[in-house]
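Everything below concerns the one structure shown next.
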Amino acid sequence: MAVPPIRIEADYLLETASDPRRVAETMAGEQSSGTFVPVPGETPELKARSAARVERLDLLDEAVDSPSLPTTAAVDPAQLRRARVTLSWPIENLGPSLPNLLATVAGNLFELRPITGLRLLDIRLPQAFAEAYPGPRFGIGGTRRLAGVEGRPIIGTIIKPSVGFGPDETAALVRNLCEGGIDFIKDDELQADGPHCPFDARARAVMRVVNEHAERTGKKVMVAFNLTGEIDQMRRRHDLVRDLGGTCVMASLNSVGLVGMIELARMSELPIHAHRNGWGYLTRHPLLGWSYVAWQKIWRLAGADHMHVNGLDNKFSEDDDSVVASARTCLTPLFPGKPCLAMPVFSSGQTVRQAPGTYAALGSTDLIVTAGGGIVAHPGGPGEGVAALRQAWEAAVAGIPLPAHARSHPALAQALEGAA
């Protein structure tokens, strides 16, 4: 892979009715040594040492009829242009600090008045960040070892209904899933520590089932318990899961925040399943916010072992090309000698039907596929749902059409009929 840059670099998609070069220079000044007027002390020597630079600006040949975002500036639609802009900063401005990196590359830029559209497309970080942060402690290899799954996707599901079950009802569903051969189970992100299903009681009830199953079969199902909360709460919940023999914890990234994730990763002795719920408000508009390519790098470096990437033919607004690009970037090394690879997690309306397309597009079985209704709602029950999804992936990897494979695999045949 490419040698890490000496300076921090960030790529943006910019839309403006002003001169794009001047706006890019405004962005560089706003996010480093400058402000909207010259100030005493901003000497040429200081600028040479600390100012951000416009490294590249490529005008795009795109017709823009109206501003993508509102602004108080007067906008002549005939002057609207889009450009790809690369800015860079000396690492000495902030040091290898992820929280301060966010303030630098994604600070007071999106609201600048001349800007009618801005999206952070990618970031490239100096080697100092690799030395300052651990990255995923378990990643793909550690997750596979703990889940006992090699050479194929990890087949998983989500506790459904998302909320409403108490600890005993949750444990009963987990028992059915374990007996059906599931590899991975996760809490829904809405289930954390409510009075109807307290975290401690749920973890004890579920791990009793998981441990009993492991003693009988030798296979310990990986359960990602949602410990999202304040830092001390997450620490205590993590320790409980660890002491009960659990092998995974889960946190909602946008809820615990970057510092919460960094601290969780530093203390965690278990893989961290990172859920991206809330991602839509960071990315839904194509001319505002983040691309997943840039965003996931922050969380992998902070310590996420699994990263949600949505799924093909999903129930949300994201198209398949974006989903596949997101998954591929999780499997792309961040630094030479320190790849920080995270296991991509496919979810959202997944059934047996997406297996061939997902495998063809990704070209890898290094993924977790979580089907909620696609498993739990199988006509033959959750166990048959697990079997069907595994059979679908067997067919996908072998290049066998699903209908042909289904002729000798009844669980898959029923699933195909139900997903029609």
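All values derive from a computational prediction rather than experimental measurement. FYI, the numbering just counts along the sequence from 1.
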Hey, are the side chains of E92 and R49 touching, using non-hydrogen atoms and a 4.5 Å cut-off? no
Determine whether the aromatic ring centres of H273 and H308 lie less than 6.0 Å apart. yes
Does the T358 side chain pair with the main chain of Q354, one donor and one acceptor, at a distance under 3.5 Å? yes
Quiz question: by atom type and distance under 3.5 Å, do the side chains of R82 and S68 form a donor-acceptor pair? yes
Heavy-atom pair with the smallest gap, counting every atom of D188 and M250: C-CE, 4.2 Å
Drop me the distance from F138's CZ to S268's OG, to the nearest 0.5 angstrom. 6.5 Å
Looking only at heavy atoms, the pair that brings V163 and L190 closest together is CG1-O, 3.6 Å
Short side-chain to backbone donor-acceptor contact, R84 and L60, under 3.5 Å: no
Between the side chain of H409 and the main-chain N/O of A411, is any donor-acceptor distance below 3.5 Å? no
For atom CZ of R21, is the number of surrounding heavy atoms from other residues, nucleotides or ligands below 6.0 Å larger than 12? yes
Main-chain N/O of L412 paired to Q391 side chain as donor or acceptor, under 3.5 Å: yes
All heavy atoms of L80 vs all of P67, minimum pair found to be CD1-N, 3.5 Å
Looking at D320 and L312, would you say the former's side chain and the latter's main chain have a donor-acceptor pair under 3.5 Å? no
Can you tell me how the ring of H306 sits relative to the ring of F184, calling it parallel under 30°, perpendicular over 60° and tilted otherwise? perpendicular
Minimal non-hydrogen separation, I123 against A10, with atom names: CG2-CB, 4.0 Å
E150, CD atom: more than 12 neighbouring heavy atoms under 6.0 Å: yes
Just by modelled atom types, is the R7 backbone N or O under 3.5 Å from a matching donor or acceptor in the S88 side chain? no
Would you give me the side-chain donor-acceptor pairs under 3.5 Å for residues 169-176, sequence neighbours excluded?
residue : atom : partner : partner atom : Å
E169    : OE1  : G166    : N            : 2.8
T170    : OG1  : G166    : O            : 2.9

For a quick test of reading the model, state the closest non-hydrogen atom pair linking A205 to P167 and the distance between them. CB-O, 3.8 Å
Testing the 3.5 Å rule here: is there a donor-acceptor pair between the side chains of S364 and R328? no
Under 3.5 Å, side chain of R144 to main-chain N/O of R152, donor-acceptor pair present? yes
Scan L253, I298, L101 and name whichever one has a side-chain contact (heavy atoms from CB on, under 4.5 Å) with L258. I298
Electrostatic pair R242:D239 at N-O distance under 4.0 angstrom: yes
Would a distance-only check, ignoring hydrogens and angles, find a side-chain to backbone donor-acceptor pair under 3.5 Å from S291 to L121? yes
Is the side chain of Q31 donor-acceptor paired with the backbone N or O of A103 at a distance under 3.5 Å, no angle test? yes
Could you check N310 against E318 for side chain to side chain donor-acceptor pair (under 3.5 Å), going step by step and ending with a plain yes or no? CA-CA 8 Å; N310 209 348; E318 188 173 5; 3.1 Å; yes
Between L14 and P20, the two heavy atoms sitting closest are CD2-O, 4.1 Å
Residues 292-311 vs salt bridge (charged side-chain N to carboxylate O under 4.0 Å, His left out), sequence neighbours excluded, gives D122-K297
For I231, is the CD1 atom crowded, meaning more than 12 foreign heavy atoms sit under 6.0 Å from it? yes
May I ask you to check whether over 12 heavy atoms, not counting those of R113, lie within 6.0 Å of atom CZ? no
My understanding is that only one of I185, T143, D183 makes a side-chain contact (heavy atoms from CB on, under 4.5 Å) with M222; could you say which? T143
Please check if the side chain of R202 supplies one atom and the backbone of C197 the other of a donor-acceptor pair under 3.5 Å. yes
